[in-house]
Every structure is written in structure tokens, then in C-alpha cells.
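Note that this is a predicted model, so its numbers are computed, not measured.
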Amino acid sequence: MARYDAGAIEPKWQKAWEEAGCFTARRDDTKPKYYVLEMFPYPSGNLHIGHVRNYAMGDVVARYKLATGHAVLHPMGWDAFGLPAENAAMERKVHPGDWTYANIDNMKAQFARLGLTLDWSREFATCDPEYYGQQQAMFIDFLEKDLVYRKNAVVNWDPVDMTVLANEQVEDGRGWRSGALVERRELTQWFFRISTYSDELLSALDTLDNWPDKVKTMQKNWIGKSRGLQFPFGLKDRDDLIEVYTTRPDTLLGASFVGISPDHPLAKELEADNPELAAFNAECRKMGTAEEELEKAEKRGFDTGLQAVHPLDPQWTLPVFVANFILMEYGTGAIFGCPAHDARDLEFARKYDLPIKSTFVPVNGPHTAPEDQGEPFVPPKTELVRYTRIVAGDAEQTGGAAIDAAIDRAEAEGWGTGVTKFRLRDWGLSRQRYWGCPIPVVHCDTCGVVPEKKENLPVELPRDIDFDTPGNPLGRHPTWRDVPCPKCGAAATRETDTMDTFVDSSWYYARFTSPGATTPTDPDEASYWMNVDQYIGGVEHAILHLLYSRFFARAMHEGGHLPASAKEPFDALFTQGMVTHEIYANQLVGPEVFPQGERVRYYLPSDVVPFTKDGKRVAVLRSRLNEAGRGEDQLALEDQLLEDQDTEWGVRVIPSAKMSKSKRNVVDPVEIIDRFGADTARWFVLSDSPPERDVEWTDAGAEAASKHLARVWRIAEGARDAPETGQGDEDLLREMHKATHDVTMGIESFGFNAAIARLYAFANTLQKSKAGRTAQVAAARTLAQLMSPMTPHLSEELWQMLGGEGLIATAPWPKADPAMLVEDEVTMPIQVNGKRRDEMRVPRDMPKDQVEARALASDAVQRSLNGATPKKVIVVPGKIVNVVI
RNA sequence: GCGGGCGUGAUGGAAUGGUAGACAUAGGGGACUUAAAAUCCCUAGGGCAUGGCCCGUGCGGGUUCGAGUCCCGCCGCCCGCACCA
């Protein structure tokens, strides 16, 4: 009798699928089409177990859709431009392209072992000139449609390395390599006009019924539509005005200062003859560009000495501050501060001893006025409040009503205008780096910015570059940079900025519909395969990637590359959780350090033996354990560990966290597949947690999954060899139909963990069944089929063992017979005052009054009643009875 | 700081407002074995005066016949914050 041997069967079935070509996407007008896509990976070099989970989920969907008669498109490619390739180039003297393609080869081999339903004939990498050339063609289209433009914007500038840094390359305000304090520097950069679509990107969210609400909420807040008042403050002793925008004009009588951004034109003008202000502004600019950094920084201001005149009272003047927390990018770059109703303004007012005037208070009850030491009063705009300083409207009104009234007043009196603004800024796509898609324009002294001719695309990256000198290699590559102007032929230079890698990932889904096309898409193929029916990826992409893709789909429609129906490219979205793992570390607490100078040393999971002792997670180094052997040494060691000492052998176990190379809490999928097989890895990552939540990788869990698959193998053998006749055929078949129903629902609703739990239960039932062979084989075949989206190789093998026809991969999905799902009798719990006290078996459709009578007759109810009459009896037919006493 | 999410036994988790803890892991007990592995069976939220009762879904309130689920306020953790992908 053969045993379950994943190592032998997995390659066999992978080959069989490939030979049968079952996963090649084919247009078929007799079937509904289904496009399932997982976010494509960055080719870092190795598949991560998190990838395995992501792709296993997509594969479950793809296999289920294949089995339910769909023409499935399930492609894969590589998000291959980006910083890590340049870092590798600098550190290891390899060409970013060579490094990237070598990584792709390696990862593709790892992919192959997972048994996924991917159609590799459509594979591409975003760094392929065939791909980015089409991206350049679209850029030129966008230029013609005025969807791209140039303007100044700030970047993180490293004055030592003379290079632009990404936000992640700035650590505590310093460049990660040079350690130099970064500065904000203005450069002319390219922008996509995503803000033109702000309103549409917002309102169209309502049509995305199969997107998680949390993602839609995040996008809504990110786009940040607000209606507010824009008005100018006049200045004492000056002719110019400060234009401000506020979403709370109802609090105008609580104003205590006017604040402008350090990048505001007035701030720049004033610093010319005010060295102190210049120093303050310079200080503010010595900070990264990340919004988080600005917001967390201490609120600081500089009193310009200017006085702004309050629009409602010419006698009332407000000091004008330059303040570090005001962004030039949002609104007008100037605000008025109302400390009583804004936390930031309050912090600022307390610091600079500015007046704090409340303008409204709660309708009921007192409120600790922030005039004293209270919190700012910021109720929702829908809440009724009582105004103590009324700009317009009733004394008692909601914030929303008061805002509208204040805008109406300002417009009627002519000193302000109601304005709708969006938080969403245009998408800056310029990157001063080599390893990205070149922006296909040429700068000519006479013609200005000229797009490259489409027949000259792709503008390919030059190969002969080096990273020995800081800065962008494209900028110092004369033969690449210096070209004739496409318009006049005079000497000109290429744009040396490349595109943000978000551009690459904003349209790859569309390219998959016709990866070889000589235009960005083949409209016919795109309209057949689009939209993506199910998109799967990490929630970390909830805003930027998905918003940019939604913009791109619209822009591509403008350019004729996508049909109008694909403006929202992803019909359904699922955001899956991460795979986490315990961390094993020795942490030194005294002055000592480890030999390399580190204070914490992390160990790979494969280097330690973790165990639970008296409820405490501890671990020992595997190497030390081998030295010590078993027996007394280990007992002594365990005792030491319990005293919570760091010993040479003992390793602390830190609770599970996101896998990261620096913490070394990673598991290598290849190692797992070598040990257990791909089916075990797939089964486990899907089994233990809901897909949208994180799952903790544990060795014990993986082993258990592996054991279960071996057990299913034995169960199938048992079914095949069962006696001709037995008992309980009907019961087993009933369970089979119930399992079919539940697992099908589980898969359709992304409840993979629940579906797997149900499969465990069904396997247990089958194992215990004494039914005859026909029923057992039917049940075992169904079990194999229901498992096949998760464990495709094992399922093929069992299918063959049980005499199934053809490949299970192409066999039609089992259907549950509704007649087999209904029970004639149900168990009804009986509650007394909402607490379960008893239960009873009753016919499913027993009339209410009879159910009530049965329940009241129960011993437990009689005991509780103790002769009294119940106040009320609630009967929910088929569900529950509650007797209220 | 701002925006979003999550919190249930020792552990991962299950539960259209209707029996909290399905299914699994670790644990305890047993069978088989010279022994171990593998396999199979039983047990298992906590407590007590144990044929029964009380407590229990991060904490504090509320709505309801009934709340893990809905509402309000807190605490903790995770994700995003526009140049990481």
C-alpha cells in the first residue's frame, strides 16, 4: 500500500496540467469569463511565505471558477522596477537589470513548485522594454490630453550624497547612507492630473459593491472632499491680503491667529529682510517631506509681527504666524486658528499664549472650556450645539448647518466664497533614478518640452551605467542624454527623470489581456477580459496603488486603450492578511554587546527548538541542544529558562509579528515544500485564520496539516477498499451534500478557513462511516474535489485512485442536492431570561403555540418558574425559545 | 499627529442579534508496540456547595426578551500617510 508522498506526486501532476494546457486562458463564448488577479510581486529574489498565501487564495478562486465552467484568466508577472535593484547595484556591483532578471528566474522556479493555475504564456516584467515602451506611448497620449504637466515640488535632498531620497531612506531626518540632515528642495517635476477626477473617484466608490467598506472609507477620506469658505484677511499697514481656506467658518469668531506655511509666498518674501524668520523657515525646511513627520513634529511658529484684520470686525486684529504644521499643498497654505475647536490650534495657542475663545458649547450639560485646561470641543458636524459667538444662523444648530449659514453670509456680504476642495493632490511621478521607466520627452532650447515620436519608442534605458558617482546615472550619460529634438532636429537633451513605479503597477492588469500587443492594449481583448472579476492583495495597498489604478483606467479610457466599462477595473477586491511568525532573540540588558557589536541577536526559526513549558514559550538553540544531547542537561537548561535568564542556550520568544529579514522570523517556502510538499503549505496558510486577517506560521501547524493530508489519503484508500455493503449509506450521502454546500459557500464568500474546518469535519465523518463501498467512494471523491482548490495535487491522485474520469482540475464542481440538506427535526435551545437552560428536538415546522407548550413543559423551565406564570415567551421558529420570567 | 482596522480558552480561530468556544494546535489520559515513531480512542473555558449553579468574548456604560455581534466612551495592537513595493 503506497503512502502519501508529496514529493513524488506533485511534479507528476504539475506536468500533467502543463501537458493538458488546462490553465492557458482561452476565449470561449460558450462560457462566462472570469479574470482573477493577485497583486504581482516585486522580484526580490525569493518567494516569501506571504506570497504563498496570497497566490494560494487566488488559486482557490481560479480552480473553483474553472470547475464551475468559466473561461479563466489567471496571469502573473513582475513589478520589476524600483529601488532595491539600485541598492543591490551599489552594494554588489551588479547591473540592476541583471540582478532583477536573475531574481525573476529564481522566483519563477519557486512559483512552479506551488502548483498554481497560472497562465505563464502571458508573463511580463514591467522592466521589459516591450512593456515600458507601451507605458511611454500612453504617457504621450496623456500629454496630448493634458493629463500630465510639470510644476515645482519639494523632494528630500541629501546634501552629502547629492541625491534625492525616498521617504523610507530618511531616518530621523537624516539620509540613511550619509547620515546627513536632509533638506527639502524644490525641483521641477512631472505630475498626473489625478485631481481632475477627484469627484468622480469619490462618487464611483459607491458602485464598488464588492470592495471592502474599510478600503472605500480609506479612499474617501484620502480624497477628502470638503466644502468650506475661502476669504482674504486684510493686513494692517500692508496692501496685500492673505487668502485662507477653512472648513469651519462657523468658528470665525473664535479665531486667535492667522497661520501661513513656511513655503507660503508671503513667508518667503518676509524672510528676505528678516534673518530670524529666514532661520526659522530654513529650520522648517530641514525636515523630510513625509506628512507623518510634519504632523508628529512639535508645533512651532514664528510671529511675523504682521496684524491681520478680522473680516467681521475691523477693530479686531490677529497676529500672523509662520507655522511649521501648515502645508502649502493643501488649501491656500494659510489658515486661521481656532484653538477652542481644534487640537493642533490649541496646542499652538497654549505655546504662544494666544487667546482661546469658545464659539459653541454642548446643548446639554457643561463642558470644560478649553479656556481653562480642558480639551478642545470638536463634536461631529451632525451634532446639535449651542453657539455662544454666532457667525450666522440659529443659536442652536448643528455644525453643518452653521457652516452653511456662515458661507451664505460671507457670500451675501461679499467678503468670502464657498469653495469645495479636495485633499487629494496631483500625483507626482518624477523620480530622479535610473531603474525606472524613462519619461519619453526631450528638452529643446527652441521647442521646449517635446514628446518623443511614438515610432522611436521605447526610449530604452542605457545598459552602460555605473553607480560609483552619487546621483542619477542617466543625467551623466552623454550618448543617451544628448539627442536631436524630435521636432526641429537641433541638439537637445532627454528628460532624465524616470517614472514612479506606481505607474508600472497602475495598468498591468490591462496589459495581461493582450501582453504581446504592439499598442498598450488590444481593445477587443481588453473588452473581452476586463474587468478583473476578483483582485486579491494586501491591505497596505488600500489607498495609493488602488486609487492610482482607478485613475489610470479612466485616463486609459480617454486614450482609447480601455472601454468605458473598465473605468473601474476591479469588480471585486479582497485584502488578505499577512503571515506572521514568532521571533527568537537573545537580548543583552547590561553593557555587553555581541561580537559584531549588536545588542540583540535574532535567530532563524530553523535554528531553534521552541517549546512550551508551564504555559511559557521558550526556545533553545538547535546547535546547543545537539551538543548537550537529551536528558539531565536539557532539564537543567529548561529550569534555567524558567527563571527567565538569558543563557548561552536559551532564546527568548517574542510574540508573532510580521515576517522581516531583520528580525529573522522568516520561513522559506522552498524549505517547507521540500519538507511537506506544496499542498501542505497551501492547506496550512489557508486553514488557520480568516483570509483577511494575519495568520501565524507555526511548525506544529504545518506538521498537523501534513498529517491530515496523509490521513485523507488513507481515508480514500479505506473507501476504495470498503466492503460492498454496509450501514448508514444514506447518512453519509446526506453529510456529503451538506459538506458540498458548506464548502461551496465558504469558497464563494472567501471563508477559506471555515471551508477547511468543514473539510476536516467531513473527513472525520467519512473515516468513521461504516457505509458500503459505493457511498464511501462517492463521498471520498467529493472530498477530493472539495479539497482540490486547496490541495490540487493530492486531489488529483485521490481522484485517480477512486476511478475519477480525466483530471480533477477540469472535472465539474459537485452540486449539493437541496433535498438532502433539510432536516425534518431540529434541536431547539430553550432559554430562561436569555440563558440557555434546556433543549428539545422538535419537527422543523412545528407551529409556534405547540413549540411554546413543549418549552413550558420542560423540567428546567418548570423549575425556574416555580409555579409562577411567565411574563412573555418568545418563539423564533426553528431557532430558539426564550421564556421571560 | 491624522485616517482605517482588529481585540473570543494555553494557542490559531468558529458563531445571518438567537445553544459562545465549531475545526485545529499545544496539554492530560488510554489502546497498539520490547521501545520509540506513526496511528487510533477518550478528555479538555474558569470556578464552586458538581444529577446542579455561578462567572466568562480587551475595559466601562447603554439598547434588546436575548449582545462576541448594535450604540457611546476608554485601553492595547496592527496597517496607511502621497519618493518602499
Side-chain angles (χ1 to χ4, degrees), chain A residues 39 41-42 44 79 81-84 155-156 164-170 212-215 217-222 224 288-297 299 325 329 343-344 347 423-433 500-502 505 538-545 547-548 575 577-578 580 611-612 614-617 655-658 687-690 692-696 698 700-701 703-705 707-708 710-711 714 751 753-754 756-761 764 767 827-831 833-839 860 863 871-874 876 879-884:
Chain A
M39 291 179 186
Y42 179 80
S44 59
D79 189 13
F81 275 134
L83 274 180
V155 294
N156 298 311
V164 177
L165 298 177
N167 282 335
E168 78 154 10
Q169 295 174 313
V170 180
D213 288 335
K214 63 174 174 185
V215 174
T217 308
M218 281 190 260
Q219 292 217 350
K220 180 173 177 259
N221 292 338
W222 185 263
T289 56
E291 188 171 322
E292 182 190 0
E293 201 186 334
L294 298 174
E295 291 270 326
K296 273 187 183 162
K299 311 287 169 284
F325 60 91
E329 286 86 8
R344 276 193 315 201
E347 187 187 331
R423 206 184 76 100
L424 180 66
R425 310 198 293 254
D426 275 335
W427 171 11
L429 69 120
S430 283
R431 297 292 181 269
Q432 295 71 39
R433 302 190 209 298
D500 178 9
T501 57
F502 272 124
S505 55
V539 71
E540 64 272 21
H541 296 293
I543 296 174
L544 292 181
H545 163 62
L547 193 61
Y548 290 160
T575 55
M578 299 179 299
T580 63
F611 53 96
T612 307
D614 297 345
K616 228 183 129 144
R617 281 297 275 174
S656 253
K658 180 179 185 168
S687 69
D688 247 26
S689 285
E692 67 275 17
R693 245 193 270 177
D694 295 349
V695 65
E696 178 179 10
T698 62
E703 257 161 45
K707 280 181 193 175
H708 179 72
R711 192 160 72 101
R714 290 194 301 275
N753 59 325
I756 286 180
R758 193 66 188 75
L759 285 165
Y760 269 107
N764 289 344
Q767 185 174 32
T827 303
M828 273 182 89
I830 303 168
Q831 294 182 333
N833 287 338
K835 287 194 169 123
R836 185 189 161 280
R837 283 292 120 99
D838 206 351
E839 62 178 37
R863 215 172 22 242
K871 275 195 202 147
K872 199 173 177 184
V873 181
I874 287 130
V876 184
K879 282 278 182 192
I880 203 163
V881 183
N882 190 10
V883 181
V884 185

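- As rounded to whole Å, 19 Å separates atom P of B/rG5 from atom NE2 of A/H541.
- Taking the P atom of each, B/rC42 and B/rA24 are spaced 12 Å apart, rounded to whole Å.
- Residue order along RNA chain B, read from the 5' end via each residue's closest nucleotide, puts A/P690 first among A/P690 and A/E291.
- When distances are taken from the side chain of A/T217 to each of B/rA85, B/rC23, B/rG4, the shortest belongs to B/rG4.
- For the pair A/F325 CZ and B/rC2 C1', the interatomic distance rounds to 14 Å; values are reported in whole Å.
- Looking at which nucleotide of RNA chain B each of A/G701 and A/T827 is closest to, the 5′-most match is held by A/T827.
- One C1' atom belongs to B/rC40, the other to B/rC32, and the distance between them is 8 Å to the nearest Å.
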Exercise. Can you give one letter per nucleotide of nucleotides 63-72 of chain B, 5' to 3': B if a protein heavy atom sits under 4.0 Å from the base, S if only from the sugar-phosphate, - if neither?
Worked result: --BS------
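- Closest approach to the A/V876 side chain among B/rA82, B/rG1, B/rG18 is made by B/rG18 (side chain taken as heavy atoms from C-beta onward).
- When the P atom of B/rA24 is taken as reference, atom OH of A/Y760 falls 7 Å away, rounded to whole Å.
- Side-chain proximity of A/R836 to B/rA24, B/rC84, B/rA20: nearest is B/rA20.
- The nucleotide whose nearest atom lies closest to any side-chain atom of A/W222 is, among B/rG4, B/rC81, B/rC84, B/rC81.
- Here B/rU16 presents its C1' atom at 14 Å from CD1 of A/I880, a figure rounded to the nearest Å.
- When distances run from any side-chain atom of A/R431 to the nucleotides B/rC84, B/rC83, B/rC2, the shortest one goes to B/rC83.
- In this structure, B/rC81 forms a base pair with B/rG1, meeting either the Watson-Crick or the G-U wobble geometry with both donor-acceptor distances under 3.5 Å.
- Pairing for B/rG73 is with B/rC59, a Watson-Crick or G-U wobble pair whose two hydrogen-bonding atom distances lie under 3.5 Å.
- Look at NZ on A/K835: it is 11 Å from P on B/rC53, rounded to the nearest Å.
- Distance CD (A/Q219) to P (B/rA82): 16 Å, rounded to an integer number of Å.
- Across all strands shown, B/rA24 is found opposite B/rU11 as a Watson-Crick or G-U wobble partner, with both distances under 3.5 Å.
- The glycosidic torsion of B/rG28 lies more than 90° away from 0, which places this base in the anti conformation.
- Straight-line distance from the CZ atom of A/R693 to the P atom of B/rC77: 18 Å, rounded to whole Å.
- We find that CZ of A/F502 is positioned 8 Å from C1' of B/rA82, with the value rounded to whole Å.
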